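One structure is given below, encoded as structure tokens.
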Amino acid sequence: MVDESSEESGLTVPERSEKPAPRKTFVLKRRSEVESGPTFRIRYADELNAAQLAVVERIEGPVLVVAGAGTGKTRTLIYRVARMIEMGIRPENILLLTFTRKASQEMLRRAAALVGTRAEQVQGGTFHSFANITLRKHGSALGYGSNFTILDQGDCEDVINLLRARMGFDAKGLRFPRKQTLASMISSSVNRLTPVEQIIDDDYPQYRKQTAEIEKVARGYQEYKRQHNLMDYDDLLINMSTLVEQSPELRERLAGLHRYIMVDEYQDTNKLQHEIIRMLGQKHGNVMAVGDDSQSIYSFRGANFRNIMDFPKAFPGTEVITLEENYRSTQPILDLTNEVLRSAIEKYEKHLFTRRTSGEPPVIISTADEQLQSQFIVQRVLELREEGIELNDIAVLFRSSFLSFDLEIELNKANIPYIKMGGFRFIETAHVKDLISYLRVIHNPKDVVSWNRVLLLLPGVGPRTAQRVLDEIAGDRLRLGPGSDELARRIGNDAIGDMFAMLTELQNDRLSVPEKVDRLVEYYRPIMQGKYDDYTKRLKDVEMFAEIAARYRSLNSFLADMALEPPTESVIGMEPGHEDEKLILSTIHSAKGLEYNTVFVIWALDGRFPSVYSASSLDAIEEERRLMYVATTRAKDRLIITYPTNIYDRESGMVLSKPSRFLDGIPEEIAERWVVSQE
């Protein structure tokens, strides 16, 4: 055989050998599926514990992650997103639902730091923002325009009050629920997927005789919103659920797009949210629910404990993975929290542990009365401050807001600065609601709720004048546009005409969102100055509003975000020169998800925690137990539980003297017990 390659190159084969030298062969092996799989840049086994790694590696099929308090569930979700991206799963095929948009943005930002910017292309957000995006595109199938307005809580109550008056249910001498109560009834009915009649029977038995009238208001409220292209927060979920249920084609399309679904804080979902996930995930089954059944404490908001407990039934073949290694608290604190849960009737079994094995044991403290409890906390806080613990790393937690009133008096006496979790949200302040209303009528001229608000801001305009203008708007005889200001002057007055001129100008599409807001603020400033005594303080919120608007190119997006994910705090009441360091006072519900070096849990007294109202319901008592678990797991290094004795409860006529039943049976080796006495 002749070596053809050698001939072509001009070389001769030595004649001394009749046979050519054997050629060396390089064999290409067929790559197995394992060998051809993705190469991971991240060493996941080095970054995660065994249980977290199991979560991250389980990509296909339904998974329930039972994540105990402080066990790193956020870190686990971040690494799971990163691994999916590294596996080649397209970001748009991943849907990450959280209970705040800030949470999803932070997760995706941290995932992007691990694997690059593709992680930020994952669709992440809240149930409500996901529904908002979907309904803007497909809401016409339900009769809604894409420019529908989202009503906040105050708007909902105003509409209900209007209907209540129209129907004659505001007559004096007639016992009928107020607008806030009616709004709560209707919202509970939607979130629990329960008829209004049943809600009244269960929660408002005093209004059973008015059931037919209340149902009439509820029906009128739904019709009014549809007629005026309005949705409230609950409508976003109910309409999303209806749309997905009634349109198999859309359901298939959404399920095909979102082939991998992750839901955080699943114990806080309501029935509607659970149904949306079930319908979207039933075909591919790639749904991961992450949560802690022992932190299910929001039933009053419609959260359904059964969702996380029955997840394996909704998704057959579910693998349950439990995260138990805690990275927050010392083992002595975890020993107490495990003991609190030990008597829970229904739960996923878990036992929290940590590598932080040493630390101070928790202390359960009895005081003779409420004032002594407050004085003890003040003295202990001052001692901790002298030991180098900053005030903002110390929290005093309580079951209900009123339980801190006496303590606040003692803190003021001792000149200890504090902040109490709660107060007005930014979006709920009157001046910000005014600005939002102006922009809403530009965006959705049918929004009579916002029209009514801005009309009543004007001098010389009362309810009758406002209603006359509203009737003209509703009849389509008065609309924003050239010449509308003159017609508005004839129907109302000069102030109304000036407002129509200003709003017509703002309708100009050539104006950017920041330009519209700047012109609006210039118009609104003298109105605000005439209406509010604390005008200068409110002006800071208006400035913040303008700064936020400057980030947006679309008025639709700006209004949607202000309704769904508004800034949390108003600057009203925040004076310059105050110390940055403040003691934290908070209800337990508001402290969920937070952590502090030292935690005081006060009023751990049977009748206060659990509250006397929960005693008749086993489900309510169990939720109170979970509330105690949430409170105690906020502490990193020091946990102090206090209760006063010999407290007379006026409503029940009982003297309360026993410590909380959730502390019963906790042995001395787990928690020390002290009695406070005065010198």
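As the structure is a prediction and not an experimental result, all values here were calculated from the model.
For R608 and Y643, the positive end is not near the middle of the six-membered ring at less than 6.0 Å and at most 45° from its axis.
The distance from atom CD of E92 to atom CZ of R118, rounded to the nearest 0.5 Å, is 7.5 Å. Expressed to the nearest 0.5 Å, how far OG of S557 lies from CG of N132 amounts to 8.5 Å. How far CD1 of I621 is from OG of S614: 3.5 Å, rounded to the nearest 0.5 Å. Between the CD1 atom in I333 and the OG1 atom in T633 there is a gap of 10.0 Å [rounded to 0.5 Å]. With rounding to the nearest 0.5 Å, the separation of CG in L663 from OG1 in T632 is 9.5 Å.
Ring pair Y207/Y204 is tilted by interplanar angle, where 30° to 60° counts as tilted. In this pair, H589 and Y298 present their aromatic rings tilted. The plane angle is within the 30 to 60° band. In this structure, Y44 and F40 have perpendicular ring planes: the angle between them is above 60°, well past the 30° mark.
Counting non-hydrogen atoms of neighbouring residues, nucleotides and ligands closer than 6.0 angstrom, the CZ atom of R178 reaches no more than 12 such neighbours.
Judged purely by distance below 3.5 Å, without hydrogens or angles, the side chains of Y260 and H284 never pair a donor atom with an acceptor atom. With no hydrogens or angles considered, a side-chain donor-acceptor pair links D335 and Q331 at under 3.5 Å. K420 and S586 share no side-chain donor-acceptor pair at under 3.5 Å. In this model, no donor atom of one side chain and acceptor atom of the other lie less than 3.5 Å apart for N326 and T71. Checking Y221 against D232 by side-chain atom types alone, a donor-acceptor pair falls below 3.5 Å. A donor-acceptor contact closer than 3.5 angstrom is absent between the side chains of N338 and Y629. Side-chain contact annotation: E623 with S299, donor-acceptor N/O pair under 3.5 Å present.
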Derivation and outcome, ring-ring contact (aromatic ring centres under 6.0 Å, His included), residues H258 and F130
CA-CA 12 Å; H258 305 299; F130 175 54; 5.4 Å; yes

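Between L64 and E319, the closest side-chain pair of non-hydrogen atoms is not below 4.5 Å. Side chains of M262 and M288 form a contact here, defined as non-hydrogen atoms less than 4.5 Å apart. Using a 4.5 Å heavy-atom threshold, the side chains of E265 and K592 count as touching.
Between D155 and K433 there is a salt bridge, with a side-chain nitrogen of the basic residue lying less than 4.0 Å from a carboxylate oxygen of the acidic one.
Put simply, the side chain of R634 gets close to the backbone of V630: a donor and an acceptor are under 3.5 Å apart. Within the 3.5 Å criterion, the main-chain N or O of R101 finds a donor-acceptor partner in the side chain of S104.
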